[in-house]
Student: 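Let me begin by handing over the structure; questions about it come next.
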Amino acid sequence: MQVLTVVGARPNFMKAAPLLRRLRARGHGCQLVHTGQHYDENMSGAFFRDLGLPPPDRHLGVGSGSHAQMTAKVIAAFEPVVLELRPDVVVVVGDVNSTLACTLVCSKLLVPVAHVEAGLRSRDRTMPEEINRLVTDCLADLLLTPSPDADENLRAEGVDPARIVCVGNIMIDALRHRFEHEPPSDVVQRLGLHGDFGVVTLHRPSNVDEPAMLRSIMGALEAIGRDLPLVFPCHPRTRARLQQQPDPARVRLCEPLGYLDFTELVRRCRLVLTDSGGLQEETTWHRIPCITIRENTERPITVSQGSNVLAGTDPQRIQELARAALRRDAAGYRVPELWDGNTADRIVDALERWLAARARG
Ligand code: UD1
C-alpha cells in the first residue's frame, strides 16, 4: 500500500517517525508531507535529524499565522499534493491545525484518512486542539486510539465501532526506540545541572498569552525553584511573552531542545511541570511525577493510572501538588496497556486490514 503521512508541528514528528520505520520495514510505500506549521531549526529541523525522519517528499512551507490563515494555507497547498501523489491512505497524527486541514482536504477528495491519536477529548472547546480533534474524528475513516477511554468517547459520540481500533500510544514507540537505539545525550552536563532538578514547559495560549496569568504561574515556579532547581526550555511563543516580564531568578530558561536532549532531560529529572499533552504521556511511561498546569486534560488515563496530576493554574495549588508529588512513591504509578513500543506495528496491521476490507467492498 502507498501511505502518505502528514506532519506539521513539533508534537507530530515523534508520532510519524516510528510509523514510517515500520511501514518501510514491512515493504509499504511511504510518502511524507511537512506542512511547515513549525519551521524553526529547533522546532522542526533538529527533530527530523534526531528521529531519523527522511526529508519530506513535499514541504508546504505554510509558516505561522492566525488559526484561519494557517488552516486555509494548508488546505490550499495540500490539495494538489494529494492529487499528484495519489496515496491509498493518508495518515494524520495528533491535534494540530495541520491535522484538521489535511483531513478536510482528503474527505472532499474521497481519499481515505486514518487518524492516529483519535478519540481524545478535553471537553474544553476554548482549546483550538479540541476543535481539531472533534472535526478530524468526525471526518476520518479509520480512528486509531491510544487507550480505551478514547474508544468510549468515540462510541458516546455515535461513531460506528467498525471505524475504531485501539492501537496504543505511538509516542512510546519513539521513546523506547530513542533509549534502546540512540546515544545518551550530555544535556544535563551542558546545562550545568547537578543533583535533583525539575523540567518546565509552557506554551498554551491560555497560560502564556495573558501577562497576569503568566506572571502568576511563573511566581509558583519561582517558589518551587527554591527547593528544586528548574530548567525551562522555552517555546518561541512563551519566550516572546516572557521578554515582557521580569527575569526569573530561580527558573533557568533555555532554548527549545531537540528530541534526544529533551527526552534525556526528562528521563533524568525528578518532576515535570507542564501544559503539554505529550509530556503527560511520556512522564507516565517514565513513572516521573507530572504536574499539569491546566484545568482539564484530554489524556485522563495519565491521571487515573499514571503519574500525572491536574493542578489548574492556582499558584498555591501548583506548589502544594509539586511538593506532594516529590514525596509520593512512584511504585503506585502504572503504565497503560498497549503503551509498549509496538503501536506502529498495530497501526500497519490495522491499515492493511482496513484497506483489504475496503477493496473487497
Ligand atoms: C502548536 C499546536 C499545539 C502544539 C504546539 C507544540 C495548533 C492549534 N497548535 O501550537 O497543539 O501543542 O504546536 O509546539 O496547531 N513560532 C516560531 N517558530 C516556529 C513555530 C512557531 O517562532 O517554528 C512562533 C510563531 O510566532 C507562532 C507561535 O510560535 O505564531 C505559535 O506557533 P503556532 O504553530 O501558531 O502554535 P503553537 O503554540 O506552537
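Whatever order the structure lists ligands and atoms in, that order sets their numbers, starting from 1. A quick note: this is a predicted structure, and the numbers were derived from the prediction, not measured.
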Student: Could you check whether any side-chain heavy atom of S276 comes within less than 4.5 Å of a side-chain heavy atom of H235, counting everything from C-beta outward?
Tutor: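 Of all side-chain heavy-atom pairs linking H235 with S276, none is under 4.5 Å.
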Student: Can you figure out which of R239, R237, H235 has its heavy atom closest to atom 36 (O) of ligand 1?
Tutor: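 The nearest heavy atom belongs to R237.
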Student: Please list all pairs passing the side-chain hydrogen bond (donor to acceptor under 3.5 Å, both in side chains) test where one or both residues lie in residues 75-87, with sequence neighbours left out.
Tutor: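 Residue pairs with at least one partner in residues 75-87: R58-E84.
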Student: How far is atom 1 (C) of ligand 1 from its nearest protein heavy atom, and which residue and atom is that?
Tutor: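 Checking every protein heavy atom, the shortest distance to atom 1 (C) of ligand 1 gives H38 NE2, 3.8 Å.
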Student: Starting from atom 7 (C) of ligand 1, what is the nearest protein heavy atom, named by residue and atom, and what distance separates them?
Tutor: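 Answer for atom 7 (C) of ligand 1: Q37 NE2, 3.6 Å.
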Student: Counting heavy atoms only, which of S64, A101, S276, P128 comes nearest to atom 21 (C) of ligand 1?
Tutor: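 Among S64, A101, S276, P128, the closest heavy atom to atom 21 (C) of ligand 1 comes from S64.
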Student: How far is atom 11 (O) of ligand 1 from its nearest protein heavy atom, and which residue and atom name does that atom have?
Tutor: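 It is E129 OE2, 2.6 Å.
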Student: Do me a favour and list the nearest non-hydrogen protein atom to atom 4 (C) of ligand 1 with residue, atom name and distance?
Tutor: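 Atom 4 (C) of ligand 1 sits closest to the protein heavy atom H203 NE2, 3.6 Å.
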Student: Identify the closest protein heavy atom to atom 18 (N) of ligand 1: which residue and atom is it, and at what distance?
Tutor: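 Here the nearest protein heavy atom works out to D40 OD2, 3.0 Å.
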Student: For ligand 1, note which part of M43 has a heavy atom under 4.0 Å away: side chain, backbone, both or neither.
Tutor: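 Side chain only.
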Student: Which of the numbered atoms in ligand 1 are below 4.0 angstrom from a heavy atom of M70?
Tutor: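 Once the distances to M70 are compared, the set is 34 (O), 35 (O).
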Student: State whether the number of non-hydrogen atoms from other residues, nucleotides or ligands found under 6.0 Å of H194 atom NE2 is greater than 12.
Tutor: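 No, because the 6.0 Å sphere around NE2 of H194 holds 12 heavy atoms or fewer from other groups.
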Student: Do R21 and D173 sit within salt-bridge range, that is, some charged N less than 4.0 Å from a carboxylate O?
Tutor: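 The answer is no: the pair does not qualify as a salt bridge.
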Student: How about F48 and H34: are their ring centroids closer than 6.0 Å?
Tutor: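 Ring centres of H34 and F48 closer than 6.0 Å.
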Student: Between P11 and ligand 1, find which residue part has any heavy-atom pair under 4.0 Å and reply side chain, backbone, both or neither.
Tutor: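 Answer for P11: side chain.
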Student: Can you check whether Y39 has an N/O within less than 3.5 Å of an N/O in ligand 1?
Tutor: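 Yes, Y39 has an N/O under 3.5 Å of an N/O on ligand 1.
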Student: Would you indicate whether the side-chain heavy atoms of T71 and L104 approach each other to under 4.5 Å?
Tutor: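 No - every pair of side-chain heavy atoms lies 4.5 Å or more apart.
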Student: Using 4.0 Å as the upper bound for N to carboxylate O, is an ion pair formed by D209 and R237?
Tutor: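 Salt bridge flag = yes for D209 with R237.
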Student: Report yes or no: does S44 have a heavy atom closer than 4.0 Å to ligand 1?
Tutor: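 No, that is not the case, since the closest heavy atom of the residue is not under 4.0 Å from the ligand.
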Student: For atom 2 (C) of ligand 1, grab the closest protein heavy atom and report residue, atom and distance to one decimal in Å.
Tutor: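 Closest protein heavy atom to atom 2 (C) of ligand 1: V96 CG1, 3.7 Å.
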Student: Between the side chains of R241 and T238, is a donor N or O closer than 3.5 angstrom to an acceptor N or O?
Tutor: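 Not at all, the side chains of R241 and T238 share no donor-acceptor pair under 3.5 Å.
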Student: Among pairs that include at least one residue of residues 155-168, which meet salt bridge (Lys or Arg N to Asp or Glu O under 4.0 Å), considering only residues two or more places apart or in two chains?
Tutor: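 Checked against salt bridge (Lys or Arg N to Asp or Glu O under 4.0 Å) - neighbours excluded - the pairs reaching residues 155-168 are R121-E157.
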Student: Going by distance alone, is a donor N or O of one side chain under 3.5 Å from an acceptor N or O of the other, for D261 and S185?
Tutor: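 Distance-only check passes for D261 and S185.
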Student: Against heavy atoms of N97, which atoms of ligand 1 measure under 4.0 Å?
Tutor: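 Those atoms are 7 (C), 8 (C), 15 (O).
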Student: Counting heavy atoms only, name the option from G94, S98, G36, P236 that's nearest to atom 24 (C) of ligand 1.
Tutor: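 It is P236 whose heavy atom sits nearest to atom 24 (C) of ligand 1.
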